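Everything below concerns the one structure shown next.
Source: prediction; values computed, not measured. Sequence lines set the chain letters: A, B, ... in the order given, protein chains first and strands last, and positions in each chain run from 1.
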2 protein chains.
Amino acid sequence: MLDDMGLSIGQVAERTGLSVHALRFYEKEGILARQVQRGPGGRRVYTQQDIDWLRMCIMLRMSGMPVPEIRRYTELVRQGDGNELQRLDILKEHQERVQQQMVQLQECMDLITFKVGKYQDYVNSIAAKAVGQ
Amino acid sequence: MLDDMGLSIGQVAERTGLSVHALRFYEKEGILARQVQRGPGGRRVYTQQDIDWLRMCIMLRMSGMPVPEIRRYTELVRQGDGNELQRLDILKEHQERVQQQMVQLQECMDLITFKVGKYQDYVNSIAAKAVGQ
DNA sequence: GCTTGACCTAGAGTCGGCTCTACTTCGTAG
DNA sequence: CTACGAAGTAGAGCCGACTCTAGGTCAAGC
């Protein structure tokens, strides 16, 4: 289809799990590190680097980083060397939030597991009675 | 203000961290296990049990259970004994999802931590050079 | 008797993150 | 030469979970 290092939007969608719509949306939102190249007919041509970048963005999104903050980070990367401290700040802050999220989630998990245990015991006891009859 | 076992919506908001708006919204959405009692002037009067239930709902929400599913669970509880197996199913399913979420979040965390490490090293090396000059 | 503040209802508005629509343009296959 | 499929653009629409507005009641305090 395309040069073996150039991928169409559809192929990128397949490989990343994002929808074609989402890919265009992300681009419009400025969260692609490099301007996506265009092939004949104005079609987007993605490189492996674009995919790698997208995969990281997906991780950031999955862990709850809002699009505008991903954009800020992306812009720093686009600007090139010299702002590593700012990038580090964004990442560290996010890391902190993710850490908190995990703690919270663990608390929820503990409660849910406790309740599941209680119901399981109860359901088992009912089943045992039924068998005993 | 109120009888020492009856709490106003404002007090419940304080104790749970939910907004007054959210409390009314939750009630309208049917995720309160028992009909909230009303005091003089049609004001809501919450009991400690209502608060306990709300705290669990908050845990379920925090861990990503959608409101409609909390409602389903609530309805089962409201119906009383006999449907414990269905309640258990809902909780187990949710437990599974939370488990997956935690795994995903950990993956994200690993990547972020890796990147933070890289940037930290880089930033340190720059700082070292500056001192060395 | 007037203001304040906490509460009430019904329903509109907001926000984030996509998702979808409408319409166009290509390149290839039948 | 027509149809199809995959792409393009601009912009509207949707969904979930609140959040806020408008307009009203009521009790307490000045």
Side-chain angles (χ1 to χ4, degrees), chain A residues 1-3 6-32 35-47 50 54-74 94 97 101 104 108, chain B residues 1-3 6-32 35-47 50 54-74 94 97 101 104 108:
Chain A
M1 286 190 170
L2 287 157
D3 223 40
L7 297 158
S8 72
I9 196 167
Q11 291 173 314
V12 174
E14 262 177 36
R15 279 167 180 64
T16 58
L18 294 169
S19 72
V20 168
H21 292 303
L23 281 167
R24 289 197 275 245
F25 170 74
Y26 278 11
E27 183 179 339
K28 206 164 48 182
E29 290 295 307
I31 64 180
L32 279 166
Q35 183 72 7
V36 183
Q37 300 307 304
R38 297 302 180 115
R43 297 186 172 205
R44 291 171 179 82
V45 179
Y46 294 85
T47 65
D50 292 324
L54 278 167
R55 285 204 219 281
M56 197 189 53
C57 291
I58 290 168
M59 288 298 215
L60 295 176
R61 279 290 307 119
M62 268 186 10
S63 52
M65 187 183 281
V67 167
E69 193 165 349
I70 302 185
R71 174 167 47 230
R72 279 204 300 131
Y73 183 69
T74 304
H94 184 58
R97 283 194 304 260
Q101 251 191 91
Q104 281 191 341
C108 298
Chain B
M1 284 192 167
L2 287 158
D3 224 40
L7 297 158
S8 73
I9 195 166
Q11 291 173 313
V12 174
E14 260 177 37
R15 279 168 180 64
T16 58
L18 294 168
S19 72
V20 168
H21 292 304
L23 282 167
R24 290 197 276 246
F25 170 74
Y26 278 11
E27 183 179 339
K28 206 164 47 180
E29 290 296 308
I31 64 179
L32 279 166
Q35 182 72 5
V36 183
Q37 299 307 304
R38 298 302 179 114
R43 296 185 172 206
R44 290 171 180 82
V45 179
Y46 294 83
T47 65
D50 292 324
L54 278 168
R55 284 204 219 281
M56 197 189 53
C57 291
I58 290 167
M59 287 298 215
L60 295 176
R61 278 291 306 118
M62 267 187 9
S63 53
M65 187 183 281
V67 167
E69 194 167 347
I70 302 185
R71 173 166 48 230
R72 278 203 301 130
Y73 182 69
T74 304
H94 184 58
R97 282 194 304 260
Q101 250 191 94
Q104 280 192 342
C108 298

Problem - Nearest heavy-atom neighbours spanning Val67(A) and Arg61(A) - result: CG2-CD, 3.9 Å
Handout entry: Gap between atom CE of Met59(B) and atom CE of Met65(B) - 0.5 Å precision
Key = 13.0 Å
Problem - Residue whose closest nucleotide on DNA chain C lies nearer the 5' end, Val67(A) versus Glu27(B) - result: Glu27(B)
Handout entry: Base versus backbone protein contacts along nucleotides 19-29 of chain D [heavy-atom cut-off under 4.0 Å; B, S, -]
Key = BBB--------
Exercise for the section: Could you state the atom-to-atom distance from CD1 of Ile70(B) to P of dG16(D) in whole Å? Expected result: 13 Å
Exercise for the section: Please report, rounded to the nearest Å, how far the C1' atom of dC18(D) is from the CG atom of Leu18(B). Expected result: 11 Å
Completion exercise
Those residues at least two apart in sequence (or on a different chain) that pass side chain to side chain donor-acceptor pair (under 3.5 Å) with Ser63(B) are His94(B)
Handout entry: Nearest-Å distance for atom pair CD/C1', residues Glu69(B) and dG16(D)
Key = 14 Å
Handout entry: Partners meeting side chain to side chain donor-acceptor pair (under 3.5 Å) with Glu69(B) (sequence neighbours left out)
Key = Arg97(B)
Exercise for the section: Taking all non-hydrogen atoms of both residues into account, name the closest pair between Ala13(A) and Leu23(A) and its distance. Expected result: N-CD1, 3.6 Å
Fill in the blank from the handout: In whole angstroms, the gap separating P of dA17(D) from CG of Leu23(B) amounts to 16 Å
Problem - Overall bend - the helix from dG1(C)-dC30(D) to dG30(C)-dC1(D), comparing terminal axes fitted on five pairs, nearest 10 degrees - result: 30°
Handout entry: Phosphate OP1/OP2 of dC18(D) contacted by Tyr26(B) side-chain N/O (<4.0 Å)
Key = yes
Handout entry: Test item: Arg71(A) side-chain N/O and Glu29(A) main-chain N/O as donor-acceptor pair under 3.5 Å
Key = yes
Exercise for the section: Could you check how far CD of Gln11(B) sits from C1' of dC7(C), rounded to whole Å? Expected result: 12 Å
Handout entry: Spacing of Glu14(A) atom CD relative to dA6(D) atom C1', expressed in whole Å
Key = 12 Å
Handout entry: Approximate separation, where rounding is to 0.5 Å, of Ile9(B) CD1 and Asp50(B) CG
Key = 11.0 Å
Exercise for the section: Please report the closest heavy-atom contact between Thr16(B) and Ile58(B), naming both atoms and the distance. Expected result: O-CD1, 3.8 Å
Problem - Verdict with reasoning, Arg44(B) to Arg38(B), per side-chain contact (heavy atoms from CB on, under 4.5 Å) - result: CA-CA 4 Å; Arg44(B) 290 171 180 82; Arg38(B) 298 302 179 114; 3.5 Å; yes
Handout entry: OP1 or OP2 of dG16(D) under 4.0 Å from side-chain N/O of Arg71(B)
Key = no
Handout entry: Residues in side chain to side chain donor-acceptor pair (under 3.5 Å) contact with Glu14(A), at least two apart in sequence or another chain
Key = none
Handout entry: Value in whole Å for how far the C1' atom of dA6(D) lies from OH of Tyr46(A)
Key = 13 Å
Problem - From dT9(C), dC7(C), dT9(D), nucleotide with atom closest to Arg44(B) side chain - result: dT9(C)
Practice task
Provide the closest heavy-atom pair for Thr74(B) versus Gly30(B) in the form atom of the first, atom of the second, distance.
Solution key: CG2-O, 3.6 Å
Exercise for the section: Under 4.0 Å from any atom of DNA chain D, heavy atoms only: list the residues of residues 55-65 of chain B that qualify, in numerical order. Expected result: Arg61(B)
